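First comes the structure, then the notes that go with it.
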Amino acid sequence: MSALSPQPSSKSATHTDLQANKYIPPWTSPYIIGVAGFSGSGKTTVAQKIIEQINEPWTVLLSMDNFYKPLTPEQRELAYQNEYDFDTPEAYDLEGFYNCIISLKEGKKTQVPVYSFALHNRTGENISIYGANVIIVEGIYSLYDPKVLALMDTKIYVDTDLDICYCRRLLRDIVERKRDIEGIIEQWEKFVKPSSVASVKPTMYNADIVIPHGSDNTKAIDMIIKHIRKQLQKKSEEHLAHLAGLGRVVVPLKYDNIKVLPKTNQLLGMKSIILNRETSNDDFIFYFDRIASTLISEALELVHYSPAPYDIITPSGHRITDGVVQAQEVVAVNIIKSGDCFMRSLRKIIPEAIVGKVLIQSDSQTGEPQLHTERLPQFSPGCKVLLFDAQVISGAAATMAVKVILDHGVEESEIVLVVYLASETGLRRILNAFPNVKIVVGNLSAVEPKEGQDNDTDWWMSMRFIDARRDDGTPIFINVETDRYGLPTLSLRPMAVTLGKPDVGSPMADEQSRAVAMMSKFGCGSGRDLPISAISGTIMRAATVCDTNVAMTSTIMPNRHRTVNRAEPSSLAWIASAMVLSSPETVTAFPRARPPIASMTIVHG
Ligand SMILES: Nc1ncnc2c1ncn2[C@@H]1O[C@H](COP(=O)(O)OP(=O)(O)O)[C@@H](O)[C@H]1O
Ligand SMILES: O=c1ccn([C@@H]2O[C@H](COP(=O)(O)O)[C@@H](O)[C@H]2O)c(=O)[nH]1
């Protein structure tokens, strides 16, 4: 189901929102907060409190200390004798600091040098930052450079009495920065104190908010957090509205880039087997893997081959002059965890394939897809990337994943999305944003709505909930999931959903109303007093397959069950937000005794 906007059917679509024709992820406009103040004033402590309380995925704390200029051996010697001035703005590489923030602001993968206070120098290592939604920049001169100030959304000055700062710095520098007490006192008197008064204090006038008494001032910090939350909510609404726009029909969906598996007897036969309640668990996995292999093989048809640069001599001595060789490296990327159910088949077809991963998860309340983690390899120039997801419904997660891969230097035309189940709306959203991406899909929703199915949403819901009733009519939530051994498996959970009122004024209100109508149509009754956004979140979350555990929905039968073990925090968050579990009761446990398959190569970028 598309959770992002009301979708006109392809028949009736006349909308031409050309502005929507490009995907702008949240990390190309990160929210930047500057925190300044004296050394020891509590800047880091305040920043950490903000991070804890806003609880945004991909919040980066960037310390200006990382941008101390590298020292010459002579300067290092001075530093060890407490004769080097680290408290003048000239000690910082202000240009490098600015360039780093600009690069992050543009959503680029950015290298940040690591600094050691013990060595008084950069360590030579770098930390790579990518995908930040919120960046907190902390440092004595973070509100100093007008160019940097212009990039900040909120500027905070932590105003703590200088003597208190001195005491705290003494303690911290001895314990954490391995400094001796005499040296700290000497440096304080000679450099820190005079610069604090002459150069740091005046930057207070560049701040939007001044926090008297530092991190003790919980009231001020609460106010700041409320303000930041409001700004982030606005940003998230803009992102959702933008994603919604991408789902609108700009031009009728072009099928040149989409390959749907033909409904051959062979494919229908395999589907019939996996739908049959008599099918054993092993056979289910076997036939699912075969369908996955077919999808992968289709995707590999898009890999470039070139004439072999040598003649082939057969065992019987014949010369073959028109051999071909693969001319393109193939790299796989999973949208975890659902994409994992393709991995067994991938391993059989390309055993040496490098596999990268992205974790994209929806916010439980708004349904906004958020990038939590990426572990991607260094993509070689011109390589082909197969992006795996079990299902694409709204298309938001896949759109975001494509953007992540593009940001890592892959050509748009070299990305092939491989997906078992997809809605037309989702594919339209992806292709509106990235018209050169190729898609290989096992099941695509009806292009023309069928009788009684007014749109993709209906189709998806019926696919999801088919046969999913208990004898007493209770709807059951069914998923094909990837289990801890990387095997496709099924889970069943009874479901109770409360119907509520849409959030007035929310860009999702229409969508929420539709969600409620849809849920009631499919028999979900009221149960608990939940905000509607939770329900909507449920649908969106499932729809975008952002949950790490919800792997794949299909026309599946409720005969294969397993004990649902949902201990991972992400699953708990999902359960809490979705509230689909009326009780933790799971139907029967399907016995399984399988060895884990060989672990995947996860290349850290
Ligand atoms: N309100 C506070 N009360 C007591 N100690 C604090 C308080 N805020 C910070 N500290 C301590 O003071 C030291 C300096 O704080 P920190 O946040 O690192 O300051 P800054 O980043 O401004 O240099 C740290 O050891 C920290 O734990
Ligand atoms: O090698 C170094 C580099 C810096 N300093 C001191 O650090 C503070 C800034 O860090 P805060 O976390 O804001 O305290 C600055 O006052 C420098 O004097 C250092 O001692 N050695």
Side-chain angles (χ1 to χ4, degrees), residues 33-52 61-94 96-97 113-124 136-144 155-201 203-204 207 210-222:
I33 304 165
V35 185
F38 297 148
S39 170
S41 59
K43 299 182 292 296
T44 314
T45 312
V46 166
Q48 275 161 352
K49 285 198 172 171
I50 295 174
I51 291 170
E52 270 164 34
L61 176 56
L62 183 62
S63 175
M64 222 186 149
D65 298 335
N66 295 329
F67 293 89
Y68 272 115
K69 285 178 184 159
L71 302 188
T72 61
E74 296 74 35
Q75 287 170 326
R76 277 244 314 276
E77 198 43 52
L78 286 176
Y80 281 124
Q81 291 160 17
N82 309 303
E83 295 290 338
Y84 184 83
D85 186 359
F86 287 103
D87 287 81
T88 159
E90 281 76 51
Y92 289 91
D93 172 12
L94 292 177
F97 180 55
V114 176
Y115 190 80
S116 159
F117 285 95
L119 299 174
H120 293 299
N121 217 343
R122 294 184 183 181
T123 62
I136 304 187
V137 179
E138 160 286 306
I140 53 177
Y141 288 116
S142 62
L143 300 187
Y144 177 81
K155 301 179 266 297
I156 299 169
Y157 187 89
V158 182
D159 190 18
T160 306
D161 186 86
L162 197 55
D163 292 335
I164 296 178
C165 295
Y166 184 28
C167 299
R168 288 184 188 161
R169 178 172 159 131
L170 264 171
L171 261 177
R172 181 198 60 193
D173 283 7
I174 294 167
V175 176
E176 291 172 26
R177 295 188 182 172
K178 312 293 170 218
R179 305 283 304 281
D180 62 87
I181 188 157
E182 292 79 16
I184 300 169
I185 295 171
E186 206 183 323
Q187 189 188 359
W188 180 268
E189 291 300 336
K190 202 180 280 172
F191 301 116
V192 188
K193 191 174 168 186
S195 284
S196 298
V197 177
S199 309
V200 179
K201 184 88 181 181
T203 67
M204 187 165 79
V210 175
I211 310 183
H213 318 303
S215 60
D216 284 337
N217 195 335
T218 46
K219 277 201 181 136
I221 294 172
D222 284 353

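First listed ligand is number 1; within each ligand, the first listed atom is number 1. Values in this document were obtained by computation on a predicted structure and should not be read as measured data.
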Study note, to complete from the structure: Of Lys49, Met64, Arg169, Arg172, the one whose closest heavy atom lies nearest atom 23 (O) of ligand 1 is Arg172

**Study point:** Region of Glu138 engaging ligand 1 - heavy atom pairs below 4.0 Å
**Key:** side chain

Practice item. For atom 16 (P) of ligand 1, find the nearest protein heavy atom and state the residue, atom name and distance (0.1 Å precision). Key: Thr45 OG1, 3.7 Å

**Study point:** Protein contact of atom 8 (N) of ligand 1 - nearest heavy atom, named by residue and atom, plus distance
**Key:** Ser215 OG, 2.9 Å

Check your understanding: If you look only at pairs with a residue in residues 71-82, which of them pass as a salt bridge (charged side-chain N to carboxylate O under 4.0 Å, His left out), with sequence neighbours excluded?
Key -> none

Review point. Would you call the rings of Tyr115 and Phe86 parallel, tilted or perpendicular if under 30° counts as parallel and over 60° as perpendicular?
Key: perpendicular

Revision key, fill the gap. Note: ligand 1 atoms sitting under 4.0 Å from heavy atoms of Asp216 are 1 (N), 2 (C)

**Study point:** Sequence neighbours excluded, every pair satisfying salt bridge (charged side-chain N to carboxylate O under 4.0 Å, His left out) that has a member inside residues 180-194
**Key:** Glu83-Lys190, Glu186-Lys190

Check your understanding: Would the number of heavy atoms belonging to other residues, nucleotides or ligands and lying under 6.0 Å from NE2 of His120 be above 12?
Key -> yes

Study note, to complete from the structure: atom 21 (O) of ligand 1: closest protein heavy atom, distance to 0.1 Å, is Thr44 OG1, 2.5 Å

Study note, to complete from the structure: Note: ligand 1 atoms sitting under 4.0 Å from heavy atoms of Phe38 are 22 (O)

Review point. For atom 2 (C) of ligand 1, what's the nearest protein heavy atom and its distance?
Key: Arg168 NH2, 3.2 Å

Review point. Considering only heavy atoms, which protein residues lie less than 4.0 Å from any atom of ligand 2?
Key: Ser39, Gly40, Lys43, Asp65, Tyr68, Phe86, Asp87, Tyr115, Phe117, His120, Ile140, Arg169, Arg172, Arg177, Arg179, Gln187, Val192

Review point. So do Thr45 and Val158 actually touch side chain to side chain, heavy atoms under 4.5 Å?
Key: no

Practice item. Report the residues that fulfil salt bridge (charged side-chain N to carboxylate O under 4.0 Å, His left out) with Arg179, sequence neighbours left out, ordered by chain and then residue number. Key: none

Review point. Can you tell me if Lys155 uses its side chain to pair, donor with acceptor, with the backbone of Leu143 under 3.5 Å?
Key: no

